Amino acid sequence: EREVWRENSQRNDCVRKLIQGSGAAYSSCRLRTFNTNSPYQKKVVASLQAYVDHFEEHLAKNEGLVLFGPVGTGKDHLAFAVAGAVAWAGKLSAKWINGQTWFGSVRDAMDRDVTERELIDELRRPQVLVLSDPLPPVGPLSQHQATMLYRLVDARYSAGGKATIVTVNVADDNEADERMGAPTWDRLCHNALKINCRWASYRKPSKVISP
């Protein structure tokens, strides 16, 4: 019983850390609660469930997950659902980071006694890393941001036994290459389950008043 309690405690801690990073709004996100309105969306959810079911195999091969497409399509919902499921299923270290929040930490580190290597190592260590929306709302990354993102992705790519889950608001590979940098996008996509979330936004106004 003590061993079972210890395992459950470790799993709860992994999920708790994901919620701390993502925010409470995502805490109830599950694959089964994702609103599917088309056969394609059902296929996407089924593919993600299969990814979860065989996650240890994917982890051993550094096979990550890339969710891309228009804004508002639930990419972060799906990312949290996958990460939460695998964190609860096994004793895995997991972390969620918003891309722009991380770039803010990189900028702030210039005024503190923290090196860029330390910032990258912090995110290299977890077995599962969810990188949410690393691109700015408009335009490409700055040169320094692009370099730091490449260093992070390459560090996890080279480490072995890591799965990086990324959500990106881009239409296609060309836009990702232009805004993020082709080498970074190439490493994120290599061996990954890559899903185009090309459906309408779920975000709707509560009321519309027009003339």
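Numbering starts at 1 and runs along the sequence shown. Fair warning: this is a prediction, and the values are worked out from it, not measured in the lab.
- Side-chain atoms of Thr33 never come within 3.5 Å of backbone atoms of Cys29 as a donor-acceptor pair (strictly under, hydrogens ignored).
- Taking the side chain as every heavy atom from C-beta outward, Asn169 and Lys75 approach each other to under 4.5 Å.
- The shortest distance between side-chain heavy atoms of Asn196 and Asp172 does not fall below 4.5 Å.
- In this structure, Ser142 OG and Arg107 CZ are separated by 9.5 Å, a value rounded to the nearest 0.5 Å.
- For Gln127 (side chain) and Ser93 (main-chain N/O), a donor-acceptor pair under 3.5 Å exists by modelled atom type.
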His144 vs Glu116, side-chain hydrogen bond (donor to acceptor under 3.5 Å, both in side chains): CA-CA, chis, key distance, verdict: CA-CA 11 Å; His144 184 246; Glu116 292 180 351; 2.8 Å; yes
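- Residues passing the side chain to side chain donor-acceptor pair (under 3.5 Å) test with Asp121 are Arg124, sequence neighbours excluded.
- Contacts of Arg125 classified as salt bridge (Lys or Arg N to Asp or Glu O under 4.0 Å), with partners at least two apart in sequence or in another chain: none.
- Within the structure, salt bridge (charged side-chain N to carboxylate O under 4.0 Å, His left out) contacts touching residues 17-34 (residues at least two apart or in different chains) are Asp13-Lys17.
- Taking Ile, Leu, Val, Met, Phe, Trp and Tyr as hydrophobic and joining them when side-chain heavy atoms fall under 4.5 Å apart, one finds Leu119 in a cluster with Val66, Phe68, Ile97, Trp102, Phe103, Val106, Val114, Ile120, Leu123, Leu129, Leu131, Leu135, Leu141, Met148, Leu149, Leu152, Val153, Val166, Val168, Val170, Met180, Trp185, Leu188.
- Residues Val130 and Ala79 come closest through the heavy atom pair CG1-CB, 4.1 Å.
- Taking Glu56 as the reference, nothing meets the salt bridge (Lys or Arg N to Asp or Glu O under 4.0 Å) condition, with sequence neighbours excluded.
- Side-chain atoms of Thr73 never come within 3.5 Å of backbone atoms of Gly69 as a donor-acceptor pair (strictly under, hydrogens ignored).
- Across all non-hydrogen atoms, the minimal contact from Ala87 to Leu18 is CB-CD1, 4.0 Å.
- Applying the salt bridge (charged side-chain N to carboxylate O under 4.0 Å, His left out) definition to pairs two or more places apart or across chains, those involving residues 174-186 are Glu175-Arg179.
- For the pair Phe80/Ile19, a side-chain contact is recorded, criterion being any heavy-atom separation below 4.5 Å from C-beta on.
- A donor-acceptor pair under 3.5 Å is formed between the side chain of Thr167 and the backbone N or O of Asp133.
- Using a 4.5 Å heavy-atom cutoff, the side chains of Pro134 and Gln100 are not in contact.
- Leu31 and Tyr40 end up in the same hydrophobic cluster when Ile, Leu, Val, Met, Phe, Trp and Tyr side chains are linked at under 4.5 Å.
- One finds the CD1 atom of Ile195 at 7.5 Å from the CG atom of Leu78 (value rounded to the nearest 0.5 Å).
- In this structure, the ring pair (Phe, Tyr, Trp, His ring centres under 6.0 Å) partners of His190, at least two apart in sequence or on a different chain, are Tyr157.
- Atom OG1 in Thr164 sits 10.0 Å away from atom CG in Leu65 (nearest 0.5 Å).
- Glu57 contributes no side-chain N or O that, together with a main-chain N or O of His54, makes up a donor-acceptor pair within less than 3.5 Å.
- Pairs engaging residues 198-211 under the salt bridge (charged side-chain N to carboxylate O under 4.0 Å, His left out) rule: none recorded [sequence neighbours left out].
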Test side chain to side chain contact (heavy atoms under 4.5 Å, CB included) applied to Glu63 and Leu59, step by step: CA-CA 6 Å; Glu63 294 175 349; Leu59 185 65; over 6 Å; no
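- Across every non-hydrogen atom of Cys197 and Leu67, the tightest pair is SG-CD2, 4.1 Å.
- The environment of Lys42 atom NZ is dense: over 12 non-hydrogen atoms of other residues, nucleotides or ligands sit within 6.0 angstrom.
- Applying the salt bridge (Lys or Arg N to Asp or Glu O under 4.0 Å) criterion to Asp173, with sequence neighbours excluded, gives Lys194.
- Every residue two or more places apart in sequence or in another chain that forms a salt bridge (Lys or Arg N to Asp or Glu O under 4.0 Å) with Asp154 is listed here: Arg187.
- For Thr184, the side chain to side chain donor-acceptor pair (under 3.5 Å) criterion is met by no residue, not counting sequence neighbours.
- Applying the ring-ring contact (aromatic ring centres under 6.0 Å, His included) test to every pair with at least one member in residues 15-34, sequence neighbours left out, gives these pairs: Tyr26-Trp96, Phe34-His77, Phe34-Tyr202.
- Residue Glu118 qualifies as enclosed at atom CD: its count of foreign heavy atoms under 6.0 Å is above 12.
- Summarising the geometry of Val52 relative to Ala85, their closest heavy-atom pair is CG1-CB, 3.8 Å, with the distance given to 0.1 Å.
- The shortest side-chain heavy-atom distance between Tyr51 and Val86 does not fall under the 4.5 Å cut-off.
- For the atom pair OG1 (Thr36) and CD (Gln41), the distance works out to 6.5 Å, reported to the nearest 0.5 Å.
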